[in-house]
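Accompanying notes for the structure given below.
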2 protein chains.
Amino acid sequence: MAQRTKTKNCCDASPVKLKADPTAGELAELAWAIAHPARVQIVRLLLARKACVCGEIVDCLPLAQSTVSQHLKILKDSGLIQGDVDGPRVCYCINPQQLHRLKALVADL
Amino acid sequence: MAQRTKTKNCCDASPVKLKADPTAGELAELAWAIAHPARVQIVRLLLARKACVCGEIVDCLPLAQSTVSQHLKILKDSGLIQGDVDGPRVCYCINPQQLHRLKALVADL
DNA sequence: ATCTTTAATCGTAGATCAACGATGAGGTGG
DNA sequence: CCACCTCATCGTTGATCTACGATTAAAGAT
């Protein structure tokens, strides 16, 4: 195969080979964490109110408690939020470092 | 239920009700478009090289042509990239407006 | 006209997601 | 101790994703 010696108007290709970008996976994971409307709303809720127990979040969303809990787990696993146990309830809040990391990775695109 | 009159140290709750944020879905869709390492790499590839035909992208990724084509379709559907037919090949490039939209939505979190 | 190249699409298989109700584990209060 | 509240987890059901090979469609080349 005479690999792409054609080089038409739009593409001056040099076979880059793309050295397995380690941050691609990191960005993908963080993006995936907010790749659902409910999770975006949860993040915004936590940002607007600084902190929030699970039950309040459930009241704000048209979803079952178990579903919200799942979304919270996904956000927690991504590091974007953290949950502190406060007696019988759990107080969630944003992890600013990780949110900043997400913003930086997106801004650097 | 005496809804949350407890208000411990972390949460001063006022039932916000969260008026169906229209941009939540928009951000979720854009985030989802880059919520996969391969798609992040494709976006970066297009940004670095300004434009790129499908075959070159395939050469840069450890994925089958049909799989790459699927990812390109997802990115195209999100509006983040666009594909211009150039004879027998298709020249993909970033759509700066939509990328900027994504950056703005993330930055405003 | 035919053959090749390029890329999209089809069909499929397996994995993961998203939603729910039900259950369970802790903590509070009577 | 027992009832209750809060939240995580389990189990399940569809739906969707991701990957692939095979096929198709369109454009060029011989």
Side-chain angles (χ1 to χ4, degrees), chain A residues 1-11 13 24-25 28-29 31-42 46 51-78 81-93, chain B residues 1-11 13 24-25 28-29 31-42 46 51-78 81-93:
Chain A
M1 40 340 227
Q3 64 263 30
R4 258 171 281 295
T5 44
K6 202 61 182 309
T7 308
K8 273 279 199 82
N9 50 2
C10 66
C11 309
E29 279 185 26
W32 188 80
I34 59 167
H36 189 288
R39 294 198 288 270
V40 172
Q41 288 183 303
I42 290 172
L46 296 186
C52 199
V53 298
C54 175
E56 294 169 345
I57 301 173
V58 172
D59 291 343
C60 295
L61 293 173
L63 295 172
Q65 177 266 324
S66 58
T67 305
V68 172
S69 202
Q70 263 187 167
H71 285 304
L72 287 169
K73 177 172 169 49
I74 288 170
L75 285 169
K76 201 165 55 176
D77 288 347
S78 78
I81 70 173
Q82 60 192 52
D84 300 316
V85 175
D86 171 31
R89 57 203 85 182
V90 177
C91 185
Y92 286 99
C93 58
Chain B
M1 46 326 240
Q3 65 261 32
R4 261 170 281 295
T5 45
K6 203 62 181 311
T7 308
K8 273 279 199 85
N9 50 3
C10 66
C11 308
E29 278 185 25
W32 188 80
I34 58 166
H36 189 289
R39 294 197 289 270
V40 171
Q41 288 182 302
I42 289 172
L46 297 186
C52 199
V53 298
C54 175
E56 293 169 344
I57 301 173
V58 173
D59 291 343
C60 294
L61 293 173
L63 294 172
Q65 178 266 325
S66 58
T67 305
V68 172
S69 201
Q70 263 187 165
H71 284 305
L72 287 169
K73 176 171 170 50
I74 289 170
L75 285 169
K76 201 164 56 176
D77 287 346
S78 79
I81 71 173
Q82 59 193 52
D84 300 317
V85 175
D86 171 31
R89 55 203 88 184
V90 178
C91 184
Y92 286 99
C93 58

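A note on names: the letters A, B, ... follow the listed sequences, proteins ahead of strands, and every chain is numbered from 1.
Here the CD1-CD1 distance, from A:I81 to A:I74, works out to 10.5 Å after rounding to the nearest 0.5 Å. With rounding to the nearest 0.5 angstrom, the SG atom of B:C54 is 12.0 Å from the NE2 atom of B:H71. Summarising the geometry, atom CG belonging to B:L61 is positioned 5.5 Å from atom CD1 belonging to B:I42; distances are rounded to the nearest 0.5 Å. Going from atom SG of A:C91 over to atom CD of A:Q82 covers 9.5 Å, rounded to the nearest 0.5 Å. A distance of 9.5 Å separates CG of A:D84 from OH of A:Y92, quoted to the nearest 0.5 Å. Taken to the nearest 0.5 Å, the CD1 atom of A:I57 stands 9.0 Å off from the CG atom of A:L75.
Atom CD1 in B:I42 sits about 13 Å away from atom P in C:dA7, given to the nearest Å. We find that CD of B:Q65 is positioned 15 Å from C1' of D:dT18, with the value rounded to whole Å. At whole-Å resolution of the value, CD in B:Q82 and P in C:dA8 are 14 Å apart. When the C1' atom of C:dA19 is taken as reference, atom CG of A:L61 falls 13 Å away, rounded to whole Å. If you take CG of B:D84 and P of D:dA26, they are 19 Å apart, rounded to a whole angstrom. In this entry the distance linking CD1 of B:I57 with C1' of C:dA8 reads 14 Å, nearest Å. In this structure, A:E56 places its CD atom 14 Å from C1' of D:dC5, rounding to the nearest Å.
DNA chain D is contacted by both B:S66 and A:C54; A:C54 maps to the nucleotide lying nearer its 5′ end (nearest heavy atom per residue).
Without hydrogens or angle criteria, A:R39 side chain to A:A33 main chain gives a donor-acceptor distance under 3.5 Å.
The shortest distance between the side-chain N/O atoms of B:R89 and the OP1/OP2 oxygens of D:dA26 is not below 4.0 Å. Contact check, B:T67 against D:dC20: a side-chain N or O comes under 4.0 Å of OP1 or OP2.
Listed nucleotides C:dG27, D:dT18, C:dA19 differ in distance to A:H36; the shortest reach to its side chain belongs to C:dA19. The side chain of A:L63 approaches C:dA19 more closely than any other nucleotide in the set C:dA19, D:dT18, D:dG21. Of all nucleotides listed (C:dA7, D:dC17, D:dA8), C:dA7 comes nearest to the side chain of B:V53.
The stretch residues 68-78 of chain A touches DNA chain C through A:Q70, A:H71, A:I74, each having a heavy atom within less than 4.0 Å of the strand.
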